[in-house]
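For clarity, every value in this text was computed on a predicted model and none was experimentally measured. In this chain, numbering begins with 1 at the start of the sequence shown.
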Amino acid sequence: MSQDYCFVIPNYNHTQAVANTIDALQYYAFPIILVDDGSDAATQTLLEQLAEQYVNVTLFRRPVNGGKGAAVKTGLNIAHEMGMSHAVQIDADGQHNLADIDVLLNESKSHPNAMISGQPVYDDSISKGRYYGRYITHFWVYIETLSLAIKDSMCGFRVYPLSACMTLMGKQPLGNRMDFDIEIMVRLYWQNVPIRFISTKVLYPPDGVSHFNVCKDNWLISKMHTRLFFGMLIRSPVLLAAKLRSSQ
């Protein structure tokens, strides 16, 4: 099966780094799917200019902000309709180390059926609350998978095998906001999709804009973990059997 890659970049009112990101991605000559998730007029104008400037950029505008997950799902569906086999998700806020794209791609090409994800290495730019808060999700993901195989489920720097994603999204609604990155990884694991990780530096630029809503997103993530926990209970015999096989 041929391996055809594209980039998917969800954007909601990010203007600081997106132009530099798209310029850097020209090295790969892959299609770039830029999803505007209901941004303001200034951001819309910038994204339109970028789509006109680069022939490999496809701009899709969602008229109303639906959340990061909604934007990524839109991008994945467009990528599949374009005949792509894999989509590389990159956030628009400049957090991801684009120098690691080659490592991400090489891992994907060696393991085409796997989901490849960054495993963040942080510097002092991350807040302590954000850093330690991630471990709450790590704990629940370990329970939901009955495994330590998922090293980090929150990093948005990843390669999706689109066939597996389309199968999953065709039968299971997934979160539309910050819960999406976690949920799709856990459910792909349940779907027996291998998950592989590469270490990558993640930065939080001082002028960066975060759209994480502490109350709303934490509530959605808590509800998601509750659903996944009960989903794990139903699947626990299969998950335990897989764990036993892997240990033999």
Side-chain angles (χ1 to χ4, degrees), residues 8 10 12 37 66-73 76 89-93 95-97 100 104 114-160 164-165 168-169 172-204 208-236 239-240 242-243:
V8 170
Y12 175 57
D37 189 26
K68 178 185 177 182
V72 174
K73 287 186 287 186
L76 296 182
Q89 176 186 333
I90 297 178
D91 290 348
D93 55 9
Q95 291 184 13
H96 298 150
N97 182 10
D100 287 333
L104 206 68
M115 177 181 181
I116 314 299
S117 175
Q119 183 176 354
V121 177
Y122 296 107
D123 64 10
D124 293 337
S125 64
I126 186 173
S127 68
K128 296 300 182 184
R130 190 188 293 256
Y131 180 80
Y132 291 112
R134 298 176 72 88
Y135 282 90
I136 298 174
T137 279
H138 295 345
F139 169 78
W140 281 110
V141 168
Y142 296 155
I143 291 176
E144 291 151 7
T145 59
L146 299 179
S147 168
L148 300 178
I150 294 182
K151 310 299 183 185
D152 186 284
S153 61
M154 303 179 75
C155 182
F157 185 44
R158 48 179 63 171
V159 182
Y160 291 102
C165 291
L168 174 61
M169 292 193 297
Q172 174 66 51
L174 301 174
N176 285 330
R177 292 182 61 86
M178 299 300 184
D179 47 346
F180 170 81
D181 286 340
I182 305 163
E183 184 173 16
I184 191 171
M185 185 176 284
V186 170
R187 291 191 181 276
L188 285 175
Y189 179 87
W190 286 352
Q191 198 171 279
N192 296 317
V193 174
I195 314 288
R196 302 182 67 86
F197 293 86
I198 66 153
S199 296
T200 185
K201 290 183 178 180
V202 175
L203 305 175
Y204 286 89
V209 177
S210 173
H211 297 302
F212 188 89
N213 184 302
V214 174
C215 294
K216 185 173 184 177
D217 284 311
N218 279 328
W219 171 241
L220 289 173
I221 289 172
S222 296
K223 290 201 300 181
M224 174 207 64
H225 283 309
T226 301
R227 293 193 304 272
L228 293 179
F229 174 77
F230 285 105
M232 175 275 294
L233 293 180
I234 296 171
R235 295 169 175 82
S236 57
L239 294 172
L240 289 169
K243 188 178 181 69

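Between the CG atom in Asn97 and the OG1 atom in Thr200 there is a gap of 5.0 Å [rounded to 0.5 Å]. One distance of note links CG of Asp181 with CG of Leu174; it measures 11.0 Å at 0.5 Å rounding. Distance check: Cys155 SG to Ile182 CD1 gives 12.0 Å after rounding to the nearest 0.5 Å. Rounded to the nearest 0.5 angstrom, Lys68 NZ and Asp179 CG are separated by 11.0 Å. Between Met232 atom CE and Trp190 atom CH2 the span is 8.0 Å, to the nearest 0.5 Å. Summarising the geometry, atom CZ belonging to Phe180 is positioned 14.0 Å from atom CE belonging to Met154; distances are rounded to the nearest 0.5 Å.
Here the closest heavy-atom approach between residue Val202 and residue Pro120 is recorded as CG2-CB, 3.7 Å. Across every non-hydrogen atom of Ile198 and Ile116, the tightest pair is CG2-CG2, 4.4 Å. In this structure, Asp152 and Gly118 approach most closely via the heavy-atom pair CB-O, 4.5 Å. Ser153 and Met185 make their closest contact through CA-SD, 3.6 Å (heavy atoms, listed as atom of the first residue, atom of the second, distance). Closest heavy-atom contact between Val72 and Val8: O-CG1, 4.5 Å. Closest approach of Asp37 to Gly66, counting heavy atoms only: OD1-N, 2.9 Å.
Side chain of Gln191 to main chain of Ala164: a donor-acceptor pair is present (N/O by atom type, distance under 3.5 Å, no hydrogens or angles). Judged purely by atom type and a 3.5 angstrom limit, Asn176 has no side-chain atom pairing as donor or acceptor with the backbone of Gly69. Checked by atom type and distance alone, the side chain of Arg187 never pairs as donor or acceptor with a backbone atom of Gln172 at under 3.5 Å. Although no hydrogens or angles enter the test, the distance criterion places no donor-acceptor pair under 3.5 Å between the side chain of Glu144 and the main chain of Leu228. Without hydrogens or angle criteria, Asp91 side chain to Asp93 main chain gives no donor-acceptor distance under 3.5 Å.
Atom OH of Tyr142 has more than 12 heavy atoms from other residues, nucleotides or ligands within 6.0 Å.
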query: Should Thr145 and Leu239 be marked as a side chain to side chain contact (heavy atoms under 4.5 Å, CB included) after you check the CA-CA gap, both sets of side-chain angles, and the distance that decides it?
result: CA-CA 7 Å; Thr145 59; Leu239 294 172; 5.7 Å; no
message: Let's go through Arg158 and Ile184 carefully: what are the C-alpha distance in whole Å and the side-chain angles of both, what is the deciding distance for side chain to side chain contact (heavy atoms under 4.5 Å, CB included) to 0.1 Å, and is it a yes or a no?
response: CA-CA 12 Å; Arg158 48 179 63 171; Ile184 191 171; 3.6 Å; yes
- request: Give the intermediate values and the outcome of side chain to side chain contact (heavy atoms under 4.5 Å, CB included) for residues Ile136 and His225.
  value: CA-CA 11 Å; Ile136 298 174; His225 283 309; over 6 Å; no
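Within the 4.5 Å cutoff, no side-chain heavy atoms of Tyr160 are placed close to those of Val193. Counting heavy atoms from C-beta on, the side chains of Ser199 and Val121 come closer than 4.5 Å.
The aromatic rings of Phe229 and Trp140 stand perpendicular to each other, their planes meeting at an angle above 60°, with 30° marking the opposite boundary.
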